[in-house]
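Keep in mind that what you see is a predicted model, and the values were worked out from it rather than measured. These numbers come from the heavy atoms of this one structure, side chains and all, not from hydrogens, waters or symmetry mates. Both ligands and their constituent atoms are indexed starting at 1 by order of listing.
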Amino acid sequence: MAKINEAKYIWMSGKMVPWNEAKVHVLTHALHYGSAVFEGIRAYRTKRGTAVFRLKEHMKRLLDSAKIYRMESPFTLEELMNATVELIKINELDECYIRPLLYRGYFNLGVNPMECPVEVSIAAWKWGKYLGPEALEQGVDVMISSWNRMAPNTFPAMAKTTANYANAQLIKMEAVVYGFSEGIALNAYGTISEGSGENIFVVKDGVIYTPNLESTILPGITRLTVIEIAKSLGFEVKECFIPREMLYIADEIFFTGTAAEVTPIRSVDKIVIGEGKIGPVTKRIQQEFFRIIEEADERYEHYFTWVK
Ligand code: PPE
């Protein structure tokens, strides 16, 4: 992977700070105890200008994640949304990935985070294809991880906390070391949860399945979008528990995520899925996803927050 594509400014608790000066103290609470929540958002260049995709839903999820961890955001939903738009403008980005972070800052150490101030940063930069340049067309090869997702009532999966990504890193590193693009984790019940940074969908006999919220997943905003798109195209979508072996006999499988967008999976544990390339249902949904964004389809106006 190439080095991060530096932009000019990072928004830090209300100020536009030059990229190289956007620093924290080494005793920042979040650095020691995973006391941070974050988001990943994309802004796209559409035919009607640059727009942030589902910004409100992402910022709501950020504040929900904070609430679960008893963190009070010093900024409102509207302030965070406005800061994001201002940041994209000042950096003169026409498309980018956006990373808001709410974290416990510098004051004292010890597990109890309550006295540490809650700080907020938002960064934006250009980020290419998450699972490699050919992933969207060719599909990716994945493995079932030997690591499970968190058990219920341990680390809440519905909170997008940095702490959850310790588990995600174990899943991702194992997959990469073994020569795969990504790992899929089972949950504590032994059924499918999600990839290290993506939700998962399975197509079997024309029906689309995706793990339910009880399966230990992040409630993905791309997942939600894809469910809406699939239903609008006339597909039946079932949110349910999915057994591991259902992946092997699926007609198609694909990942969804802000970074991964809609990425087909062509093999799992070296078992070829369907024809071993992007399948017709995945293709239809992927095309519709990118069409809505490229055209900034007015029927989906609520998906877009305009930058210019
Ligand atoms: N599950 C996990 C564990 C996850 O991290 C993501 C996003 C998703 C599902 C999909 O959620 P959504 O983006 O709302 O559709 N992962 C983010 C971070 C990836 C990273 O490497 O960092 C992302 O895609 O931005």
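- Residue K160 holds the heavy atom nearest to atom 17 (C) of ligand 1 of all those in R61, E198, K160.
- Judged by the 6.0 Å and 45° rule, K238 forms no cation-pi pair with Y209.
- Protein heavy atom in closest approach to atom 3 (C) of ligand 1: R149 NH2, 3.1 Å.
- The aromatic rings of F289 and F53 sit perpendicular to each other, their planes meeting at more than 60°, with 30° as the lower class boundary.
- No donor-acceptor pair under 3.5 Å is formed between the side chain of D141 and the backbone N or O of S181.
- Remark: minimum distance from atom 20 (C) of ligand 1 to any protein heavy atom is reached at Y130 OH, 3.3 Å.
- Each of the following atoms of ligand 1 lies closer than 4.0 Å to a heavy atom of Y165: 2 (C), 3 (C), 4 (C), 5 (O).
- Atom 15 (O) of ligand 1 has its closest protein heavy atom at T222 OG1, 2.6 Å.
- K172 does not count as a contact of ligand 1, since none of its heavy atoms falls under 4.0 Å from the ligand.
- A heavy-atom separation below 4.0 Å is not found between E261 and ligand 1.
- Atom 13 (O) of ligand 1 has as its closest protein heavy atom T258 OG1, 2.6 Å.
- Checked by atom type and distance alone, the side chain of S145 never pairs as donor or acceptor with a backbone atom of I184 at under 3.5 Å.
- Remark: K129 engages E261 in a salt bridge, criterion side-chain N to carboxylate O under 4.0 Å.
- Relative orientation of the Y130 and W127 rings is perpendicular, given thresholds of 30° and 60° on the angle between their planes.
- Between the side chain of E182 and the main chain of L131, no donor-acceptor pair closer than 3.5 Å is present.
- Heavy-atom minimum distance, R70 versus R104: O-NH2, 3.0 Å.
- Between T191 and S215, the shortest heavy-atom distance links the atoms OG1-OG, 4.4 Å.
- By heavy-atom distance, the residue among I171, N199, I41, N164 lying nearest atom 10 (C) of ligand 1 is N199.
- Around atom 24 (O) of ligand 1, the closest heavy atom drawn from A157, A260, A259 belongs to A259.
- Nearest protein heavy-atom neighbour of atom 16 (N) of ligand 1: G197 O, 3.3 Å.
- Assignment of S196 to the shell around ligand 1 is supported, since a heavy atom sits closer than 4.0 Å.
- Of the protein's non-hydrogen atoms, R99 NH2, 3.1 Å is the one closest to atom 22 (O) of ligand 1.
- Ligand 1 places these atoms under 4.0 Å from at least one heavy atom of I221: 12 (P), 14 (O), 15 (O).
- Residue pairs meeting the side-chain hydrogen bond (donor to acceptor under 3.5 Å, both in side chains) criterion with at least one partner in residues 239-251, sequence neighbours excluded, are R223-E239, R244-Y248, R244-D269, Y248-D269.
- For atom 11 (O) of ligand 1, the nearest non-hydrogen atom of the protein is G220 CA, 3.5 Å.
- Using a 4.0 Å cut-off between heavy atoms, Q169 makes no contact with ligand 1 at all.
- Protein heavy atom nearest atom 25 (O) of ligand 1, with residue, atom name and distance: Y97 OH, 2.5 Å.
- Close contacts of ligand 1 with G257, meaning ligand atoms under 4.0 Å from a residue heavy atom, involve 10 (C), 13 (O), 15 (O).
- Judged purely by atom type and a 3.5 angstrom limit, N199 has no side-chain atom pairing as donor or acceptor with the backbone of I217.
- Figure legend: cation-pi geometry between K15 and Y9 absent, as NZ or CZ is not positioned both under 6.0 Å from the six-membered ring centre and within 45° of its axis.
- Checking only distances, H58 never comes within under 3.5 Å of ligand 1, N or O to N or O.
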